[in-house]
Amino acid sequence: MVALLGIDGRQYVYRVYAPGDALPGDLFWAAFHCHDELPLPRALDSFDAAEIWRLSALDRRPGPGRPCGE
């Protein structure tokens, strides 16, 4: 999961599917490009402003939001 801070002050969270050895920067850019395709206020392109965390296989339940990288 990658949370991006938007210029509107809101936080946008994306589920990015990637291999376990994916680099944090790759996860960030996948979410950023996914966000950029939507009609939302621009996200900050600062890696330091993003929050990234991995989910285990047990946490991969369907949920709201738009999955990226499928």
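Predicted, not measured: the structure shown is a model, and the values here were computed from it. For reference, positions follow the sequence shown, starting with 1.
Considering only residues two or more places apart in sequence or on other chains, Asp8 meets the side chain to side chain donor-acceptor pair (under 3.5 Å) condition with Tyr12. Scored by the side chain to side chain donor-acceptor pair (under 3.5 Å) test, Arg42 finds Asp36 as partners (sequence neighbours excluded).
Summarising the geometry of Ala3 relative to Gln11, their closest heavy-atom pair is CB-NE2, 3.5 Å, with the distance given to 0.1 Å. Shown here for Arg54 and Gly20, the closest heavy-atom pair between the two residues is NH1-O, 3.4 Å.
Ile52 is not listed as a side-chain neighbour of Met1, based on a closest heavy-atom distance of 4.5 Å or more.
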Distance-only donor-acceptor hits, side chain of residues 26-34, under 3.5 Å, sequence neighbours excluded:
none

Determine whether Ile7 and Leu44 satisfy the following criterion, side chain to side chain contact (heavy atoms under 4.5 Å, CB included), listing intermediate values before the conclusion.
CA-CA 6 Å; Ile7 60 170; Leu44 298 177; 3.8 Å; yes

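Rounding to the nearest 0.5 angstrom, the gap separating the CG atom in Leu5 from the CZ atom in Arg10 is 11.5 Å.
Applying the 4.5 Å side-chain rule to ILVMFWY residues, one finds that Leu23 remains a lone member of its cluster.
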